[in-house]
Amino acid sequence: MAKKDDSASKNYKVVAENRRARFDYAIQDEIECGIALQGSEVKSLRAGGANIAESYAAVENGELWLVNSYIAPYEQAKTWGHEERRRRKLLVHRRELARLWNETQRKGLTLVPLVLYFNHKGIAKLKIAIAKGKKKADKRETEAKRDWQRQKQRLLKDHG
């Protein structure tokens with residue numbers, strides 16, 4: 001029998017996660033897109049130095065951009081390093097880009113980055129969400145639901 005190749009699953013690695021996004025926004029749809037990076041940025045991501053908490057995505061001039069994301073400088077690339085908070089181009093199909101533009105411009109929704117990761121092939125990917133901002137009451141409602149679920153699990157565990 002042939003052995004299964006486990007190298008694909010070893011490559012998957014989450015680099016940065018925007019945990020606050022699901023609290024602040026009502027997620028409607030998620031899209032995986034590629035990200036155009038420089039060599040020193042990839043090295044820095046592999047070392048785990050990134051933050052996408054304050055960033056957002058925007059469609060400008062027929063291109064999708066990731067704005068205000070932070071990738072730490074890579075120490076070994078002193079001369080040929082990268083700018084930490086530069087705008088990075090996101091790679092999606094033309095049809096997806098048209099749909100994203102339509103959602104943000106006409107419906108007034110926001111593109112929020114959720115997770116920056118390396119996929120099973122070792123390629124950097126960014127998962128963005130089409131989202132609508134939550135009001136304070138919506139946030140309280142989400143929190144109440146979460147608390148109830150937690151309490152329900154406790155009760156089931158105690159009596160089960």
Side-chain angles (χ1 to χ4, degrees), residues 4-136 138-139 142-143 145-146 149:
K4 265 193 165 177
D5 185 22
D6 283 344
S7 63
S9 59
K10 290 177 189 170
N11 287 335
Y12 186 83
K13 179 186 176 189
V14 173
V15 178
E17 193 174 3
N18 188 356
R19 294 183 176 180
R20 191 117 181 108
R22 294 191 192 279
F23 180 73
D24 289 338
Y25 298 95
I27 308 294
Q28 294 183 356
D29 194 15
E30 294 181 1
I31 298 134
E32 179 185 73
C33 50
I35 181 167
L37 298 170
Q38 295 175 349
S40 60
E41 290 174 324
V42 176
K43 291 277 199 176
S44 181
L45 286 179
R46 291 221 183 268
N51 185 359
I52 57 170
E54 298 102 35
S55 62
Y56 63 95
V59 179
E60 295 171 10
N61 301 328
E63 293 178 331
L64 185 61
W65 295 92
L66 179 64
V67 183
N68 201 29
S69 63
Y70 174 80
I71 297 179
Y74 187 61
E75 284 302 314
Q76 284 80 358
K78 285 181 175 58
T79 317
W80 294 281
H82 61 272
E83 196 179 315
E84 293 143 35
R85 290 211 179 261
R86 76 177 182 90
R87 295 158 43 100
R88 293 168 179 89
K89 190 173 180 179
L90 298 177
L91 311 169
V92 290
H93 289 283
R94 194 172 288 137
R95 191 177 293 137
E96 281 290 337
L97 185 65
R99 186 173 74 97
L100 292 174
W101 184 87
N102 187 25
E103 298 276 347
T104 55
Q105 298 300 314
R106 296 205 180 127
K107 297 181 183 173
L109 300 175
T110 312
L111 299 176
V112 183
L114 297 176
V115 184
L116 178 62
Y117 60 96
F118 286 101
N119 69 0
H120 298 297
K121 294 180 181 176
I123 298 169
K125 297 285 183 179
L126 179 74
K127 189 174 281 187
I128 60 172
I130 300 169
K132 185 178 176 84
K134 285 185 183 177
K135 302 282 188 275
K136 200 167 193 170
D138 296 334
K139 290 180 186 178
T142 305
E143 204 169 317
K145 278 183 188 172
R146 193 178 319 117
Q149 290 297 331

K.L.:
Which residues pass the side chain to side chain contact (heavy atoms under 4.5 Å, CB included) test with Lys13, sequence neighbours left out?
P.N.:
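Lys13 satisfies side chain to side chain contact (heavy atoms under 4.5 Å, CB included) with no other residue.
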K.L.:
Which distance, rounded to the nearest 0.5 Å, do you find between the CH2 of Trp65 and the CG of Leu111?
P.N.:
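Here the interatomic distance stands at 15.0 Å.
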K.L.:
Taking 4.0 angstrom as the limit, do Lys125 and Glu30 come out as a salt bridge?
P.N.:
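Result for this pair is no, no salt bridge flagged.
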K.L.:
Apply side chain to side chain donor-acceptor pair (under 3.5 Å) to Thr142 and list each qualifying residue two or more places apart in sequence or on a separate chain.
P.N.:
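Partners of Thr142 under the side chain to side chain donor-acceptor pair (under 3.5 Å) test: Lys134.
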K.L.:
Do side-chain atoms of Ser44 reach the backbone of Tyr74 as a donor and acceptor pair under 3.5 angstrom?
P.N.:
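Side chain of Ser44 to backbone of Tyr74, a donor-acceptor pair under 3.5 Å: no, none is there.
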K.L.:
For residues 50-58, which side-chain N or O atoms pair as donor and acceptor with protein atoms under 3.5 Å away, sequence neighbours left out?
P.N.:
{"residue": "Asn51", "atom": "OD1", "partner": "Ala53", "partner atom": "N", "Å": "2.9"}
{"residue": "Ser55", "atom": "OG", "partner": "Ile52", "partner atom": "O", "Å": "2.8"}

K.L.:
List the atom pairs, donor and acceptor, that lie under 3.5 Å between side-chain atoms in residues 85-93 and the rest of the protein, sequence neighbours left out.
P.N.:
{"residue": "Arg85", "atom": "NH1", "partner": "Asn68", "partner atom": "O", "Å": "3.0"}
{"residue": "Arg85", "atom": "NH1", "partner": "Asn68", "partner atom": "OD1", "Å": "3.3"}
{"residue": "Arg86", "atom": "NE", "partner": "Glu41", "partner atom": "OE2", "Å": "2.9"}
{"residue": "Arg86", "atom": "NH2", "partner": "Glu41", "partner atom": "OE1", "Å": "2.8"}
{"residue": "Arg86", "atom": "NH2", "partner": "Glu41", "partner atom": "OE2", "Å": "3.4"}
{"residue": "Arg87", "atom": "NH1", "partner": "Glu60", "partner atom": "OE1", "Å": "3.2"}
{"residue": "Arg87", "atom": "NH2", "partner": "Glu60", "partner atom": "OE1", "Å": "2.7"}
{"residue": "Arg88", "atom": "NE", "partner": "Glu41", "partner atom": "OE2", "Å": "2.9"}
{"residue": "Arg88", "atom": "NH1", "partner": "Ser69", "partner atom": "O", "Å": "3.3"}
{"residue": "Arg88", "atom": "NH1", "partner": "Ser69", "partner atom": "OG", "Å": "3.0"}
{"residue": "Arg88", "atom": "NH1", "partner": "Arg86", "partner atom": "O", "Å": "2.9"}
{"residue": "Arg88", "atom": "NH2", "partner": "Glu41", "partner atom": "OE2", "Å": "3.0"}
{"residue": "Arg88", "atom": "NH2", "partner": "Glu83", "partner atom": "O", "Å": "3.4"}
{"residue": "Arg88", "atom": "NH2", "partner": "Glu84", "partner atom": "O", "Å": "3.0"}
{"residue": "Lys89", "atom": "NZ", "partner": "Glu63", "partner atom": "OE2", "Å": "3.0"}

K.L.:
How far apart are the closest heavy atoms of Pro113 and Leu66, and which atoms are they?
P.N.:
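What the structure gives for the nearest pair is CG-CD1, 4.0 Å.
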K.L.:
Closest approach of Val15 and Gly48, non-hydrogen atoms and distance?
P.N.:
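What the structure gives for the nearest pair is CG1-CA, 4.5 Å.
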K.L.:
Please round to the nearest 0.5 Å and tell me the distance separating atom CG of Leu97 and atom CG of Asn102.
P.N.:
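Reported value, rounded in 0.5 Å steps: 11.0 Å.
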K.L.:
Just to verify, what does Arg46 make a side chain to side chain donor-acceptor pair (under 3.5 Å) with, not counting sequence neighbours?
P.N.:
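So Arg46 forms no side chain to side chain donor-acceptor pair (under 3.5 Å) with any residue.
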K.L.:
Taking only residues two or more places apart in sequence, or in another chain, which ones meet Arg95 in a side chain to side chain donor-acceptor pair (under 3.5 Å)?
P.N.:
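Partners of Arg95 under the side chain to side chain donor-acceptor pair (under 3.5 Å) test: none.
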K.L.:
By side chain to side chain contact (heavy atoms under 4.5 Å, CB included), which residues pair with Asp24, not counting sequence neighbours?
P.N.:
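Scan of Asp24 (side chain to side chain contact (heavy atoms under 4.5 Å, CB included), adjacent residues dropped) gives Arg20, Lys139.
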K.L.:
Nearest 0.5 Å, please: how far is CD1 in Ile27 from CG in Leu114?
P.N.:
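Between Leu114 CG and Ile27 CD1, I get 5.0 Å after rounding to 0.5 Å.
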K.L.:
Find the distance between CG (Leu126) and CG (Leu64) and round it off to the nearest 0.5 Å.
P.N.:
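Going from the CG atom of Leu126 to the CG atom of Leu64 covers 9.0 Å.
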K.L.:
Could I get the full list of ring pair (Phe, Tyr, Trp, His ring centres under 6.0 Å) partners for Tyr117, not counting sequence neighbours?
P.N.:
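Partners of Tyr117 by the ring pair (Phe, Tyr, Trp, His ring centres under 6.0 Å) criterion, ordered by chain and then number, come out as Tyr12.
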K.L.:
Applying side chain to side chain donor-acceptor pair (under 3.5 Å), name anything that partners Glu96, two or more places apart in sequence or on another chain.
P.N.:
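With sequence neighbours excluded, Glu96 shows a side chain to side chain donor-acceptor pair (under 3.5 Å) to Arg99, given in chain and number order.
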K.L.:
Please identify each residue that fulfils side chain to side chain contact (heavy atoms under 4.5 Å, CB included) with Lys107, with sequence neighbours left out.
P.N.:
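Here the qualifying residues are Glu103, Leu109.
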K.L.:
Where is the tightest heavy-atom contact between Tyr70 and Pro73, given as atom of each residue plus distance?
P.N.:
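Here Tyr70 and Pro73 meet closest at OH-CD, 3.6 Å.
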